[in-house]
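Here is the structure we will look at, set down as structure tokens.
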Amino acid sequence: MKKKLVLLLCVLSCLILATGCSLTRENKNLKESTLKKTAQTRVEEWFNTDYQAIVDQVEQQGGIEIYKEQYSRTDYENLKATFNEYKSFTKMKEKYGAFKKIEKKDYSLASSSASVSIRVLTDKNKRIVFTASYDKYGTETDFKVEEYQSIGSIMGRAGLNTVMSMAIVFAVLIAISLLISCFKFIGAAQNKQAQQESTAVAAPVAAPVVVEENLADDLELVAVITAAIAAASENESADGLVVRSIVRRS
């Protein structure tokens, strides 16, 4: 049993080693020395090519739009992109100057592609990074020209962006807090206005005027009425006569 287990482990190890060797087998088209030399030649051509003359020639002929009817839509778009790229190359060459020396070469290999990055110092003491990408056949698929940025400049820019973002966040929070604090003043003003309106609407009710009756005048009036009734009734005595109410007519 142990012998079979050991034999099985040996077979698995051989399979793993064989698979690893096949995956890491060198592609002659992606050889480091060859691609670095090819990329260096491409960089030298970039500096030696007069892109401004090409741009001027196309513009003198009427611009890139004259090729719109001569090519298919895809070919025309590719041609237009190349023309715009040449215009950007012209501006970069004016900004950074001519070739001085190569400072660094970096090679990166993937399973079916590779890339070479070359950092160049110009005669204006500025640096440009050229990056050329290649497929598994060693054919160039992309070529980028970018301004070199040191780690310090990248970190500084990232720090500046962080500070600006934090400042914006704190400014918004302060504005929100001030707005919330103003709500109590608005509520107090509204309550004060409502109290004033309720006070103005609820006017005081005048107290009724009580007119006191002169009881002395009433007694005299009763006596006069009683005497008049007694005089009118000659046969009856006025002793049992009672006046219960007096109605005054204006």
Side-chain angles (χ1 to χ4, degrees), residues 21-68 70-161:
C21 291
S22 62
L23 290 175
T24 59
R25 186 172 54 187
E26 182 180 2
N27 185 348
K28 294 181 180 180
N29 297 324
L30 300 179
K31 191 175 181 180
E32 181 177 354
S33 59
T34 303
L35 293 185
K36 282 185 175 181
K37 187 180 295 184
T38 303
Q40 181 176 344
T41 303
R42 183 75 168 84
V43 171
E44 293 173 353
E45 290 177 354
W46 187 88
F47 278 102
N48 295 328
T49 302
D50 190 356
Y51 293 104
Q52 183 64 53
I54 300 174
V55 172
D56 293 340
Q57 182 179 0
V58 173
E59 291 180 348
Q60 289 175 2
Q61 293 176 356
I64 195 66
E65 289 77 12
I66 63 174
Y67 299 99
K68 190 172 185 179
Q70 302 178 15
Y71 295 91
S72 63
R73 183 176 181 180
T74 303
D75 294 338
Y76 171 73
E77 292 296 333
N78 293 333
L79 186 63
K80 186 177 180 180
T82 302
F83 179 72
N84 293 331
E85 189 178 53
Y86 284 178
K87 292 173 69 174
S88 65
F89 287 167
T90 300
K91 294 179 180 179
M92 292 187 69
K93 292 179 72 172
E94 292 177 355
K95 179 179 179 180
Y96 296 106
F99 175 84
K100 185 176 181 180
K101 67 176 182 178
I102 294 177
E103 289 187 333
K104 188 178 181 182
K105 296 180 183 179
D106 292 325
Y107 174 79
S108 177
L109 177 65
S111 60
S112 59
S113 62
S115 63
V116 178
S117 178
I118 300 178
R119 190 175 70 194
V120 176
L121 178 66
T122 65
D123 58 353
K124 293 184 179 181
N125 289 326
K126 295 182 178 181
R127 291 172 174 82
I128 310 176
V129 177
F130 297 85
T131 304
S133 301
Y134 302 92
D135 58 13
K136 61 181 180 179
Y137 302 107
T139 304
E140 182 181 302
T141 57
D142 191 20
F143 185 75
K144 294 181 180 179
V145 185
E146 300 173 326
E147 180 181 1
Y148 172 74
Q149 295 181 354
S150 61
I151 297 178
S153 63
I154 295 174
M155 295 298 293
R157 186 175 300 176
L160 180 61
N161 293 335

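We number each residue from 1, following the sequence as shown.
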| query | Nearest heavy-atom pair of Tyr76 and Glu65: which atoms, and what distance? | reply | OH-CA, 3.8 Å

| remark: Paired with Tyr134, the side chain to side chain contact (heavy atoms under 4.5 Å, CB included) test is passed by just one of Thr38, Leu109, Thr34, Asn29, namely Thr38

| Hey, does Arg119 have a side-chain heavy atom less than 4.5 Å from the side chain of Asp106? | no

| field | Test item: Thr82 and Tyr86 side chains (from C-beta on) under 4.5 Å apart, heavy atoms | value | yes

| More than 12 non-hydrogen atoms from neighbouring residues, nucleotides or ligands closer than 6.0 Å to NZ on Lys126, yes or no? | yes

| query | Side chain of Thr141, backbone of Ser133: donor and acceptor closer than 3.5 Å? | reply | yes

| query | Distance from Asn78 atom CG to Glu85 atom CD, nearest 0.5 Å? | reply | 11.0 Å

| field | Polar side-chain atom of Lys136 near backbone of Asn27 as donor-acceptor pair, under 3.5 Å | value | no

| Distance from Lys93 atom NZ to Thr49 atom OG1, nearest 0.5 Å? | 6.0 Å

| For Val129 against Ser117, the heavy-atom pair lying closest together | CG1-OG, 3.4 Å

| All ring-ring contact (aromatic ring centres under 6.0 Å, His included) counterparts of Phe89, not counting sequence neighbours | Trp46, Tyr51

| query | Got more than 12 heavy atoms from elsewhere within 6.0 Å of OH, Tyr137? | reply | no

| task | Answer whether the closest heavy-atom distance between the side chains of Gln61 and Tyr67 falls below 4.5 Å. | result | yes

| said: Could you measure the distance from the CD1 atom of Ile118 to the OG1 atom of Thr131? Nearest 0.5 Å is fine. | reply: 9.0 Å

| For the ring pair Phe130 and Phe47, is the centre-to-centre distance below 6.0 Å? | yes

| said: If you count heavy atoms of other groups shown closer than 6.0 angstrom to NZ of Lys36, is the number above 12? | reply: yes

| note | Ile128 and Met92 have their tightest heavy-atom pair at CG2-CE, 4.4 Å

| query | Taking C-beta and beyond as the side chain, do Tyr148 and Val120 meet within less than 4.5 Å on heavy atoms? | reply | no

| Does one side chain, of Asp56 or Gln52, offer a donor that lies under 3.5 Å from an acceptor on the other? | yes

| request: Measure the shortest side-chain to side-chain distance between Ile64 and Asn84 over non-hydrogen atoms and say whether it is less than 4.5 angstrom. | output: no

| message | Restricting to non-hydrogen atoms, name the atom on Leu35 and the atom on Ala114 that form the minimum distance, rounded to 0.1 Å. | response | CD1-CB, 3.7 Å

| query | Is the NZ atom of Lys104 crowded by more than 12 outside heavy atoms at less than 6.0 Å? | reply | no

| query | Got a second to check how far Ser33's OG is from Lys105's NZ, nearest 0.5 Å? | reply | 10.5 Å

| remark: Scanning both residues in full, the closest heavy-atom pair of Tyr96 with Lys124 reads O-CB, 3.4 Å

